Amino acid sequence: GHVTWSDALMGAVAERYVGFALASLGKATKCIVLDLDNTLWGGVLGEDGAGGVALGPQWPGSEFLDFQRELLDLQRQGILLAVCSKNNESEALAVLRSHPHMLVREEVLAAYRINWEDKATNIRALAKELNIGLDHMLLIDDSPHERAWVREMIPELQVPEVPPDPSLYATWVGSLPSLIVLQQTAEDSRRTEQYRESRVREVYRSTASSLEDFLGGLGLRAEVGLVTDETMARAVQLLAKT
């Protein structure tokens, strides 16, 4: 084709085109499911303790901090973050809530499963809780064994190969084709908050004596108006969903 670009550059350009196609077809990733040990932070919490995990401005913790910054940027664009980890829940949540350098804290997560169940079962539970198709979720896990197990049990789930060097995590996750966001609305930036509100509503619903009482207690208001330049993007987004 007389193309003067290198094969490496052509590969990168092709991946970007794939990402644009996935986004325009409504097949982009909606939720990133994250492991914790040696993924969100360095080291193994159960062995190293909360004070021994690598996370901070100095190497080797700096590379995990860079990775978390990139994840937060994706979350602000409307991609949900969830955690699926084999750990003691109370110990892992203590790090997420209290570690001085933690950026991806509990309040940033749309949901989590931290227990000793197998990850395929936990990911299915996360998909059900978030009401997201498994084909719109992506697992990031440093363990080849866990990746292979989840691929076998949930073929429709995206389970990319993770770079062997954590210093590459941040650049790598930002280049994944299915994480390209073509257009961002105000609702996208608060999507995690909306899922947290949804969980609160479900708890309230379980205490209501009837559906009518539940709906009445929500205090919902509806406003009808013409689509404007400011609301056009959201209107198109809702049409694509329905």
Side-chain angles (χ1 to χ4, degrees), residues 30-58 60-72 74-76 79-132 134 137-147 149-150 153-154 157 159 162 166 169-170 173 190-207:
K30 296 180 179 179
C31 178
I32 302 173
V33 181
L34 297 157
D35 180 38
L36 292 178
D37 293 330
N38 287 315
T39 302
L40 206 56
W41 56 62
V44 178
L45 177 60
E47 298 175 3
D48 302 318
V53 297
L55 183 64
Q58 305 300 322
S62 56
E63 48 203 30
F64 294 97
L65 207 59
D66 291 340
F67 179 47
Q68 290 195 23
R69 287 193 187 96
E70 190 68 29
L71 290 171
L72 283 185
L74 293 169
Q75 189 256 356
R76 282 189 287 267
I79 297 174
L80 300 175
L81 302 180
V83 158
C84 181
S85 172
K86 288 183 177 178
N87 260 302
N88 293 327
E89 181 178 302
S90 60
E91 296 175 2
L93 287 178
V95 178
L96 290 170
R97 293 167 179 167
S98 305
H99 194 286
H101 299 296
M102 182 64 61
L103 298 179
V104 179
R105 295 191 177 275
E106 182 185 7
E107 58 267 23
V108 172
L109 303 175
Y112 60 81
R113 288 295 184 280
I114 304 172
N115 54 43
W116 297 99
E117 296 288 333
D118 74 273
K119 291 199 172 181
T121 299
N122 277 331
I123 291 171
R124 290 187 184 278
L126 286 170
K128 184 176 181 180
E129 177 180 340
L130 297 172
N131 195 27
I132 294 177
L134 289 161
M137 301 177 77
L138 181 148
L139 173 66
I140 297 180
D141 194 311
D142 71 295
S143 168
H145 168 74
E146 295 289 3
R147 293 198 301 269
W149 165 257
V150 173
M153 301 305 295
I154 314 178
L157 184 77
V159 188
V162 177
Y169 283 5
V173 74
R190 63 180 299 270
R191 182 159 292 153
T192 299
E193 181 182 348
Q194 291 172 344
Y195 273 87
R196 289 201 300 268
E197 292 171 352
S198 178
R199 287 201 296 272
V200 173
R201 283 196 300 271
E202 287 303 312
V203 172
Y204 170 58
R205 182 171 184 167
S206 66
T207 64

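Source: prediction; values computed, not measured.
Salt-bridge annotation for Arg113 and Glu129: present, with a side-chain N of the basic residue lying under 4.0 Å from a carboxylate O of the acidic one. Ion pairing between a basic and an acidic side chain is recognised when a charged N comes within 4.0 Å of a carboxylate O; Glu107 and Arg97 show no such pairing.
Not counting sequence neighbours, the partners of Thr121 by the side-chain hydrogen bond (donor to acceptor under 3.5 Å, both in side chains) test are Asp118. Residues passing the ring pair (Phe, Tyr, Trp, His ring centres under 6.0 Å) test with Phe67 are Tyr169, sequence neighbours excluded. Applying the side-chain contact (heavy atoms from CB on, under 4.5 Å) test to Asn38 and every residue at least two apart in sequence or in another chain returns Val44, Asp142. Listed by chain and number, the residues in a side-chain contact (heavy atoms from CB on, under 4.5 Å) with Pro60 are Ala54, Glu63 (sequence neighbours excluded). Checked against side-chain contact (heavy atoms from CB on, under 4.5 Å), Ala50 has the following partners two or more places apart in sequence or in another chain: Leu45, Val95. Among residues two or more places apart in sequence or in another chain, the side-chain hydrogen bond (donor to acceptor under 3.5 Å, both in side chains) test is passed with Arg69 by Asp66.
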Show your working on side chain to side chain donor-acceptor pair (under 3.5 Å) between Asn87 and Ser85 and close with a plain yes or no. CA-CA 6 Å; Asn87 260 302; Ser85 172; 3.0 Å; yes
Before you tell me yes or no, could you show the steps for Lys86 and Glu117 under salt bridge (Lys or Arg N to Asp or Glu O under 4.0 Å), namely the whole-Å CA-CA distance, both residues' side-chain angles and the distance that decides it to 0.1 Å? CA-CA 7 Å; Lys86 288 183 177 178; Glu117 296 288 333; over 6 Å; no
Yes or no on side-chain contact (heavy atoms from CB on, under 4.5 Å) for Trp41 and Leu96, after CA distance, side-chain angles and deciding distance? CA-CA 10 Å; Trp41 56 62; Leu96 290 170; 4.3 Å; yes
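Put simply, the residue from Val159, Ile32, Ile154, Leu126 that forms a side chain to side chain contact (heavy atoms under 4.5 Å, CB included) with Met137 is Leu126. If you run side chain to side chain contact (heavy atoms under 4.5 Å, CB included) between Tyr112 and each of Val33, Leu93, Leu81, Leu34, only Leu93 comes through.
Asn88 contributes no side-chain N or O that, together with a main-chain N or O of Ser90, makes up a donor-acceptor pair within less than 3.5 Å. Formation of a donor-acceptor pair under 3.5 Å by the Arg147 side chain with backbone atoms of Asp141 is found in this model. Between the side chain of Gln68 and the backbone N or O of Val104, at least one donor-acceptor pair lies under 3.5 Å. Looking only at distances, no side-chain donor or acceptor of Thr39 sits under 3.5 Å from a matching main-chain atom of Leu36.
From Met102, atom CE reaches atom CG of Leu40 across 5.5 Å, with rounding to the nearest 0.5 Å.
Closest approach of Ser62 and Pro57 over heavy atoms only: CB-O, 3.5 Å.
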